[in-house]
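Just so it is clear, the model here is predicted, and its values are computed rather than measured.
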Amino acid sequence: MFSMEKFSLQGKVALVTGASYGIGFAIASALHKAGARISFNDIDESSVERGMKAYEEAGIPVKGYVCDVTDEKAVGQLVESIENDLGVIDILVNNAGIIKRIPMVEMSESDWRRVIDIDLTGPFIVSKAVIPGMIEKGHGKIINICSMMSELGRETVSAYAAAKGGLKMLTRNICSEYGGENIQCNAIGPGYIATPQTAPLREIQPDGSRHPFDQFIIAKTPAARWGTTEDLQGPAVFLASEASDFINGHVLYVDGGILAYIGKQPQ
């Protein structure tokens, strides 16, 4: 029989990587409101301190840790610390990521590798570290933050698109390998989200018109708006909860309909 309690995360332990601000912070906040105990990491002390301040201002108790998700030894220590402080991790959100907008022929190998390491190898390393505890506990939820670039290409984002496409397939492979252990690995593919980082692309121009990129996104989105971080919160809680126990290896695109839309006919 259906019960709203299936959406509860009461008593669950969640790790959201790179969750000092933005999408990660919004998802961690939603998991907290659903009852989970929250931990997060970021790359350096200043980023973690910024995150801790934001959570404190929001009234959210949280444990923050400095950890580079591309460092397997450090990730192992991170997971051990969370287990000692909060308990075995029930929910992992692989949110940490970067993008470098550089034309492919101008992109250095080091920039390419850095994007792949953080956006694809990082989720592999962190997932690998938490899965044994999930197996022992008898359940687990892994949510990878993909992108529309898991499906589409676009100029200047070759490394990011390659990493996010790989993350989609890592999602499916974790499902394939560990679904029998009652571990569900799914992904969220955000559309274009209004954050401080994208604010310059949404500024009204001196002549009162929209920024050209803003016009492009609005024209491509059936919802006719940018997404918000709040738009990602419900999907995250759903995929972290028992309500999604028979959903595995799926990418849920939260994009206002962009991927379903061929675009407007030229006038």
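The main-chain N or O of Asp111 is found under 3.5 Å from a side-chain atom of Ser108 such that the two form a donor-acceptor pair. Between the side chain of Lys12 and the backbone N or O of Ile91 there is no donor-acceptor pair closer than 3.5 Å. Counting only distance, with no hydrogens or angles, the side chain of Arg37 and the backbone of Gly11 share a donor-acceptor pair below 3.5 Å. For Gln233 (side chain) and Ala26 (main-chain N/O), a donor-acceptor pair under 3.5 Å exists by modelled atom type.
For Arg210, the salt bridge (Lys or Arg N to Asp or Glu O under 4.0 Å) partners are Asp214, not counting sequence neighbours. Taking Arg101 as the reference, Ile99, Thr156, Val157 meet the side-chain contact (heavy atoms from CB on, under 4.5 Å) condition, with sequence neighbours excluded. By the ring pair (Phe, Tyr, Trp, His ring centres under 6.0 Å) test, Tyr178 is found to be paired with no residue, residues two or more places apart in sequence or in another chain being considered. Among residues two or more places apart in sequence or in another chain, the ring pair (Phe, Tyr, Trp, His ring centres under 6.0 Å) test is passed with Tyr261 by none. Listed by chain and number, the residues in a side-chain contact (heavy atoms from CB on, under 4.5 Å) with Ala236 are Ile27, Ile188 (sequence neighbours excluded). Remark: Phe25 engages Tyr55 in a ring pair (Phe, Tyr, Trp, His ring centres under 6.0 Å) (not counting sequence neighbours). Applying the side-chain contact (heavy atoms from CB on, under 4.5 Å) test to Ala161 and every residue at least two apart in sequence or in another chain returns Met149. Partners of Glu56 according to the side-chain contact (heavy atoms from CB on, under 4.5 Å) rule, which considers only residues two or more places apart in sequence or in another chain, do not exist here. Looking at residues two or more places apart in sequence or on another chain, you find a side chain to side chain donor-acceptor pair (under 3.5 Å) between Thr195 and Gln197. Take Lys33 and apply the salt bridge (Lys or Arg N to Asp or Glu O under 4.0 Å) test, not counting sequence neighbours, and it matches no residue.
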Sequence neighbours left out, cut at 3.5 Å: what donor-acceptor pairs do the side chains of residues 58-67 make with other protein atoms?
residue, atom, partner, partner atom, Å
Tyr65, OH, Asp85, OD2, 2.7

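Thr171 and Asn144 form a side-chain donor-acceptor contact under 3.5 Å, judged by distance and modelled atom types alone.
Remark: Phe2 CZ to Phe7 CZ distance equals 4.5 Å, nearest 0.5 Å.
Among residues at least two apart or in separate chains, side chain to side chain donor-acceptor pair (under 3.5 Å) pairs with a member in residues 238-253 are Lys141-Ser244, Lys141-Asp245, Glu151-Tyr253.
Within a 6.0 Å radius of CD in Gln205, more than 12 heavy atoms belonging to other residues, nucleotides or ligands are found.
Here the side chains of Val254 and Pro190 are not in contact, with every heavy-atom distance at 4.5 Å or above.
Ring centers of Tyr192 and Phe216: at least 6.0 Å apart, outside the cut-off.
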